Amino acid sequence: MAPKSRETFGSRMGMLLAMAGSAIGLGNIWRFPYTLGQNGGAAFLLLYVLMLVLICLPVMISEYLLGRRGGSNPFRTFDILAPGTKWRWIGFMAVLSSACILSFYCVVGGWSVKYLADACSGVLMSFDGDYSDLFGSFISNPWKPLFYTLVFLGITGLIIALGVRKGIERMSKLMIKVLFLIIVLVVIRSLTLPGAMEGVRYMFVPDFSKVTADTCIAAMGQAFFSLSIGCGCILTYASYVDKKENIAASSAWIAFFDTTFAIVAGLAIIPAVYAIALMNGVNPNVSAGPGLVFITLPGVFKAMPLGGVAALLFFLALLLAAITSAISLMEVVVAFIIEELRRSRVHAVVTCFLLCGGVGVFCSLSFGPLEGFKLFGLSVFDFFDYITSNIMLPAGGLLLAVFAGWRLKRANYLDELTNSGNLNIPRWLSLTIYYLLKLVAPLAISLIFINCILS
Ligand code: PHE
């Protein structure tokens with residue numbers, strides 16, 4: 001069983017903000033706007049919400065439920081719930097997925113540290129050339145990005161070393177509040193630019209002619225990544241949660257918060273890109289891909305009044321969001337090392353830092369000196385991004401759904417969901433969640449998975 005001295009979250013609010021912090025991250029601010037831009041705007045948004053409700057929310061509720069019932073790290077949790085079976089290897093895969101995600105996530109986290117530093121020192125706004133050159137020469141430099149990657153991972157490690165309440169909970173509470181405040185300020189700046197409404201229209205007036213099978217897959221992948229499901233983060237946080245918590249309500253709240261934040265982040269970026277493009281008489285380039293935040297946006301900030309302040313606030317928000325997600329990834333690995341390998345928290349943090357930092361170095365160098373080195377035809381960074389987002393997360397989600405829907409008894413599932421009947425959840429709702437999980441989610445996830453293998 002789990003050790004008795006296991007820490008727990010101190011308050012309901014702290015727990016909710018920590019989980020929301022895990023969900024809200026680079027996925028919302030960096031990935032969501034450009035994926036939206038690449039997939040036709042509002043129609044993508046509608047699909048995203050559909051996938052979220054039908055597939056991701058039931059999977060999230062189950063991950064939460066299993067974590068709370070097991071009360072341990074992912075590996076041990078499956079051993080507790082299905083003793084002596086091979087299911088615990090799903091738990092091990094979750095730990096591995098989190099370590100792999102952290103290894104490339106810390107590279108982008110490092111970029112945000114660098115951009116924040118440049119926004120503070122004024123270098124970013126005084127730069128006179130092409131921002132794609134600035135970005136390109138930074139990420140291909142053999143040393144600089146490594147330094148920032150390790151700084152980012154170091155900050156993450158320090159927070160985790162402080163423990164669940166003093167580290168994760170306290171920092172998430174603080175950072176998420178600041179993050180929300182900042183992003184609202186940036187939205188106000190973005191929406192008050194002349195011509196910004198064109199961008200808003202792009203986001204909210206759907207053009208269904210743009211919807212293809214790929215749009216559906218992209219929406220589902222984004223929802224998985226954004227909610228942090230399928231790799232044990234929600235499960236591990238849930239193991240620190242009080243038994244009285246309403247799992248379905250908390251999950252719905254987190255998903256709502258995460259989606260709202262993604263839309264708000266979109267509103268901070270897309271209307272500004274439209275407004276500045278209209279001002280300069282060029283076509284708005286919202287489908288610029290991963291460079292949208294690091295290449296297009298600095299140019300947008302430079303062209304707008306009060307752009308220096310907006311840039312500083314924006315990159316601070318990006319960094320805070322990245323940290324609250326990175327700590328959830330590191331905690332999965334650290335909880336595993338503490339409980340399975342019986343090491344102290346600090347020892348576990350150092351091990352994780354060395355492990356993920358070591359892989360992170362290769363991910364970072366793959367934009368520079370190691371550019372020519374390919375794994376299955378992909379650079380090291382792209383390889384980790386690809387296998388985690390497209391294979392490990394959906395596979396983890398699928399196995400989780402199968403475990404919760406088919407291995408766990410229905411009575412136990414419903415018992416956990418309703419806190420042994422103490423919560424007043426209508427039976428039709430509990431059953432709907434159960435069948436979405438048992439039937440709809442595995443089928444739909446299998447489809448993304450097959451698509452990933454074929455494409
Ligand atoms: N949800 C995080 C984001 O949006 C990324 C993440 C994925 C974090 C998986 C933990 C687990 O950036």
Side-chain angles (χ1 to χ4, degrees), residues 23-49 51-52 101 104-105 107-109 111-112 115 130-132 134-136 138-139 183 186-187 190 196 198-204 206-207 210-212 214-227 258-277 282-301 310-311 314-315 317-319 321-322 325 367 378-379 381-382 384-386 388-390 393 455:
I24 295 171
L26 295 171
N28 303 60
I29 309 183
W30 167 65
R31 206 170 185 268
F32 181 79
Y34 82 74
T35 315
L36 185 91
Q38 284 174 332
N39 287 284
F44 173 84
L45 190 60
L46 275 178
L47 273 173
Y48 176 86
V49 173
M51 307 284 175
L52 194 93
I101 297 178
F104 78 86
Y105 205 84
V107 174
V108 187
W111 297 347
S112 33
Y115 270 64
D130 188 337
Y131 279 102
S132 62
L134 185 74
F135 183 60
F138 166 62
I139 61 170
I183 212 80
V186 182
V187 169
S190 163
E198 277 307 304
V200 176
R201 198 161 303 130
Y202 176 79
M203 277 184 72
F204 294 112
D207 173 2
K210 295 243 171 64
V211 175
T212 62
D214 281 351
T215 322
C216 302
I217 305 293
M220 185 138 61
Q222 175 62 26
F224 252 88
F225 187 82
S226 191
L227 283 187
D258 182 61
T259 309
T260 308
F261 195 89
I263 295 173
V264 172
L267 280 176
I269 298 173
I270 293 182
V273 172
Y274 263 81
I276 302 297
V282 293
N283 271 336
N285 185 10
V286 286
S287 54
L292 181 64
V293 160
F294 295 102
I295 299 172
T296 313
L297 265 196
V300 168
F301 288 135
F314 178 82
F315 286 108
L318 191 67
L319 179 61
S325 297
F367 293 99
L378 296 170
S379 72
F381 182 97
D382 289 343
F384 275 94
D385 185 0
Y386 185 88
T388 54
S389 313
N390 293 351
L393 285 189
S455 66

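Since the model is a prediction, treat every value here as computed from it, not as a measurement.
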Answer whether the closest heavy-atom distance between the side chains of [X] and [Y] falls below 4.5 Å.
{"X": "Y202", "Y": "I270", "result": "yes"}
{"X": "I269", "Y": "F314", "result": "yes"}
{"X": "L26", "Y": "F225", "result": "no"}
{"X": "Y386", "Y": "D382", "result": "no"}

Under 6.0 Å between ring centres: does that hold for F294 and F138?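 Centroid distance F294-F138: not below 6.0 Å, so no.
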
On a heavy-atom basis, which atom in [X] and which in [Y] lie closest, and how many Å separate them?
{"X": "T259", "Y": "Y48", "value": "CG2-CE2, 4.0 Å"}
{"X": "I295", "Y": "P298", "value": "O-CD, 3.4 Å"}
{"X": "L297", "Y": "V293", "value": "CB-O, 3.4 Å"}
{"X": "D258", "Y": "S226", "value": "OD2-OG, 2.8 Å"}
{"X": "A196", "Y": "P271", "value": "O-CB, 3.4 Å"}

If the test is ring pair (Phe, Tyr, Trp, His ring centres under 6.0 Å), which one of W111, F367, F381 qualifies with F104?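 When ring pair (Phe, Tyr, Trp, His ring centres under 6.0 Å) is applied between F104 and each of W111, F367, F381, only F381 qualifies.
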
When you measure from the side chain of [X] to the backbone N and O of [Y], does any donor-acceptor pair fall under 3.5 Å?
{"X": "N28", "Y": "G25", "answer": "yes"}
{"X": "T35", "Y": "A219", "answer": "no"}
{"X": "S190", "Y": "V186", "answer": "no"}

